[in-house]
Chemist: 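For reference, the structure I am asking about is given below.
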2 protein chains.
Amino acid sequence: MRATIKDVSALAQVSTKTVSRVLNKERYVSEDARQRVERAMADLNFRPSAAARTLAGKRSFQIALIYDNHSPHYIHQIQTGVWARCIEEGVRLLAQPSDAASTQLADEVGGLIDQTQVDGVILSSPVTDALAALDELERRGIPYVRISPGTEHGRSSSVSMDDVQAADDMTGHLIALGHRRIGFIIGHTNHTASDLRLFGYRRALDRAGIDFEPKYVRQGHFDFASGEAAADVLLDLPQPPTAIFASNDDMAAGVLTVAHRRGLSLPRDLSVAGFDDTALASQLWPPLTTVRQPTRELAYAAATLLFERQEDPVHRRLAHELVLRASTAAPAPE
Amino acid sequence: MRATIKDVSALAQVSTKTVSRVLNKERYVSEDARQRVERAMADLNFRPSAAARTLAGKRSFQIALIYDNHSPHYIHQIQTGVWARCIEEGVRLLAQPSDAASTQLADEVGGLIDQTQVDGVILSSPVTDALAALDELERRGIPYVRISPGTEHGRSSSVSMDDVQAADDMTGHLIALGHRRIGFIIGHTNHTASDLRLFGYRRALDRAGIDFEPKYVRQGHFDFASGEAAADVLLDLPQPPTAIFASNDDMAAGVLTVAHRRGLSLPRDLSVAGFDDTALASQLWPPLTTVRQPTRELAYAAATLLFERQEDPVHRRLAHELVLRASTAAPAPE
DNA sequence: GCGAGTTCTGACATCGCTGTCATACTAACA
DNA sequence: TGTTAGTATGACAGCGATGTCAGAACTCGC
């Protein structure tokens, strides 16, 4: 049978309460008692019951990660980052896919908390902006940290990257290569990052004195198919763009496919840039110039913030990076 | 404050035990009592404490998914499939990345179970073949189901696809197109599926009366880089293959990249086939002919088996499917 | 050598449920 | 009417930890 605190206390000749103190690294345990207890725990291969600790105490040693994102790479990196931090902290991770747009989301979150008594929650974009869910967390006084929130930034601790600057940098790179007609594919409307990236694109054009042309901008949804559709429209223009900057790698992959299908020679006939630097980016042909979003690190930092339990909201901004590969080059002379 | 069973019982004018009976859908509750209790639960927005239920009862309403796989797509599909079934069952899912080769794995699994008292465990390949971990599960009498196990098939319930037949089918397809020199890239040695796929490749060659040539077979590790490396070696042969069949899509992507880099025209100069049908396959150029592995369905079926709690091990085999895209074609005449 | 403060320890109630068991009620049959 | 089997219900203990609190055993300064 599983060993319990009682077994340990009997073996170590102390009260159960003292065992509990050792387990929780509380103060006021003599060196002697501590050693006897630790010895007994090891001998019995004692593992405390999470359920009992949760019921009796104020902690559950579990946190939840709530996400709604259809990019497996993104999710995977988020999970990996949070997970790594949880291991260090000795805390379990409950994965909670969800639908950010659902009216039941707040209720689900409430249920999750009431049932599991998680010690904290990490929200990844776009669930970060489901205000009703945030209300629910706050009503219950559950600490939470948001990854790349799009709104109400003051409301909680959060981690993020500078989407505007990143898109500005990438656009600037294309301009520096000599491009003047630069297409842009907007991301999913649910994600506030989409607006920010569009803004960065416009800011860079503006600074370079290039007119913003709405016809060069298409709406996408962060997926491959919408990238293909947008590319088809852009390349059918009488004066097609010489470069296309897609708000994420999946859509950029769609652009590459359309270009190949049309028999264009890349990057001579068309430069293509993405955003995220998912594994996909380096597996495409030609390898994709993109913005490296520090997803794993963001997730790790978010978990760190959660465990630090700051009084006031803290915001951490992590650096992005331009990853230049073979999908971008100077435009062919007209 | 959160409502407890006591609050519900007071409001419904029954004992706490009766509330518990309704909650657990036990027999022997009058229609009248049931309705009053349900009403009270709804009014109070009652959510049972998972910790208390676990401590008092024999179930924890949690299962764990243990995996060690570096393909985000694969993991994502596995998670999604298991998750979908958990939702239906009202059970929470604990995600547990791990290292299948680690000597501590069994200990970690033991700790997981002792601490969380999960009701069951789903293992995905290659953790399925960590025998020490299986021992640990059996010692504790925890039901578990394996997804695509490689060994000791009789030992537990499992779900799988027919890797041999799938690889045979794909190889057969290439032969039917007219290929005679067909390269093959083996998967990671940790995964038993790797051997099975190799065997399927050989079986198809054999049936077609084509000699098996070791020089056309290279070892890979299921990742992009190893696909590139293998392709470089194969294409440097004096008589290079006219088709390359990689044991997964990531490695096939590496082959495509090498082919592009060498200026080959695809699929005329080289046919390329993959395995898995991850999202990647359709995002590459040319779109990849591959085997659709029903990953999500396998995961869903595994969870279903787990909840069914069969007496004896049950095995379910799900069908694969050849997905023919533009990366394969008849070889150019010599 | 005494009070004050700090360190250490254990008794006991308690967290919110479920398992066990005793009991009461109902319908069906001899 | 009495017996039996099936149905319905609640009292109560207990799951395995932690929180609270009281008290004992050490320090220290004077």
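Chain letters run A, B, ... following the sequence lines, proteins first, then strands; residues in each count from 1.
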Chemist: So that I can tick it off, tell me whether A/E89 and A/R59 are bridged by a salt bridge, with the cut-off set at under 4.0 angstrom between side-chain N and carboxylate O.
Modeler: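 Between A/E89 and A/R59 there is no salt bridge, as every charged N stays at least 4.0 Å from the carboxylate O atoms.
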Chemist: For C/dC17, take OP1 and OP2 only and decide whether either is under 4.0 Å from a side-chain N or O of B/S49.
Modeler: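 Answer no for this pair, as no side-chain N or O of B/S49 is under 4.0 Å from OP1 or OP2.
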Chemist: Please answer whether the main-chain N or O of B/Y74 pairs with a side-chain N or O of B/T295 as donor and acceptor at a distance below 3.5 Å.
Modeler: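 It does not hold such a pair.
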Chemist: With a 4.0 Å cut-off, would you call A/D119 and A/R309 a salt bridge?
Modeler: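 The answer is no: the pair does not qualify as a salt bridge.
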Chemist: Taking the basic N atoms (NZ, or NE/NH1/NH2) and the acidic carboxylate oxygens, is any pair closer than 4.0 Å for A/R155 and A/D135?
Modeler: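 Salt bridge: yes.
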Chemist: On the ring face of A/F61, is A/R53 found with NZ or CZ under 6.0 Å from the centre and within 45° of the axis?
Modeler: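 A/R53 over A/F61 ring: yes.
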Chemist: Can a side chain N or O of B/Y28 be found less than 4.0 Å away from OP1 or OP2 on D/dT7?
Modeler: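 True: B/Y28 side-chain N/O within range (under 4.0 Å) of D/dT7 OP1/OP2.
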Chemist: Roughly how many Å is it from NZ in B/K17 to P in D/dA11, rounded to a whole number?
Modeler: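 The distance from NZ of B/K17 to P of D/dA11 comes to 13 Å, rounded to the nearest Å.
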Chemist: For A/R59 and for A/L55, find the nucleotide of DNA chain D with the closest heavy atom, then tell me which residue's nucleotide is more 5'.
Modeler: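 Result of the comparison: A/L55.
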Chemist: Could you check whether the side chain of B/R21 and the base of C/dG19 have a donor-acceptor pair of N or O atoms closer than 3.5 Å, going by distance alone?
Modeler: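 Per atom types, no contact qualifies.
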Chemist: Figure out the CG/P separation between B/D7 and C/dC15, and round it to whole Å.
Modeler: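 B/D7 atom CG is separated from C/dC15 atom P by 12 Å.
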Chemist: Looking for any heavy atom pair under 4.0 Å, which part of the strands does B/A33 touch: base, sugar-phosphate only, or nothing?
Modeler: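 The residue B/A33 makes sugar-phosphate contact but no base contact.
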Chemist: Let me know the distance between CD of A/E31 and C1' of C/dC8, rounded to the nearest Å.
Modeler: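 Result: 13 Å.
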Chemist: Hey, which of these two, A/A56 or B/R53, hits DNA chain C nearer its 5' end, going by closest nucleotide?
Modeler: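 Checking each residue's closest nucleotide, the 5'-ward one belongs to A/A56.
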Chemist: Nearest-Å distance, CZ (B/R34) to P (D/dT7)?
Modeler: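 That distance rounds to 13 Å.
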Chemist: Side-chain N or O of B/R27 versus OP1/OP2 of D/dT7: is the shortest distance under 4.0 Å?
Modeler: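 Looking at the OP1 and OP2 atoms of D/dT7, one of them is under 4.0 Å from a side-chain N or O of B/R27.
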Chemist: Below the 4.0 Å mark, does C/dG19 have OP1 or OP2 next to a side-chain nitrogen or oxygen of B/S20?
Modeler: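 No, because none of the side-chain N or O atoms of B/S20 sits under 4.0 Å from OP1 or OP2 of C/dG19.
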Chemist: Is there side-chain contact between B/T54 and A/T54, with at least one heavy-atom pair below 4.5 Å?
Modeler: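 No, every pair of side-chain atoms sits at 4.5 Å or beyond.
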Chemist: Determine the contact category for B/F46: base if any of its heavy atoms lies under 4.0 Å from a base atom, sugar-phosphate if only primed atoms, P, OP1 or OP2 are that close, otherwise nothing.
Modeler: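 The residue B/F46 makes sugar-phosphate contact but no base contact.
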Chemist: Just N and O in the side chain of A/T4: are any of them under 4.0 Å from OP1 or OP2 of D/dC15?
Modeler: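 For D/dC15, OP1/OP2 do not have a side-chain N/O of A/T4 under 4.0 Å.
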Chemist: Taking only the side-chain heavy atoms of A/E26 (C-beta and beyond), determine which of D/dG19, D/dA17, C/dC17 contains the nearest atom.
Modeler: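 Within the option list, the nearest is D/dG19.
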Chemist: Would you mind telling me which of C/dT9, D/dG10, C/dT18 lies closest to the side-chain atoms of B/V14?
Modeler: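 Of the candidates, D/dG10 comes closest.
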Chemist: Round to a whole Å and report the spacing from CZ of A/R36 to C1' of C/dC8.
Modeler: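 Answer to the nearest Å: 12 Å.
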Chemist: May I have the distance from B/Q13 (atom CD) to D/dT9 (atom P), rounded to whole angstrom?
Modeler: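 The answer, rounded to whole Å, is 13 Å.
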Chemist: In whole Å, I'd like the distance from the CG atom of A/D114 to the C1' atom of C/dG16.
Modeler: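 The answer, rounded to whole Å, is 13 Å.
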Chemist: Could you tell me how far apart A/N24 (CG) and D/dT18 (C1') are, to the nearest whole angstrom?
Modeler: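 Going from CG in A/N24 over to C1' in D/dT18 covers 8 Å.
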Chemist: For the side chain of A/S15, starting at C-beta, report the closest nucleotide among D/dG10, C/dG10, D/dA17.
Modeler: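 Selected nucleotide: C/dG10.
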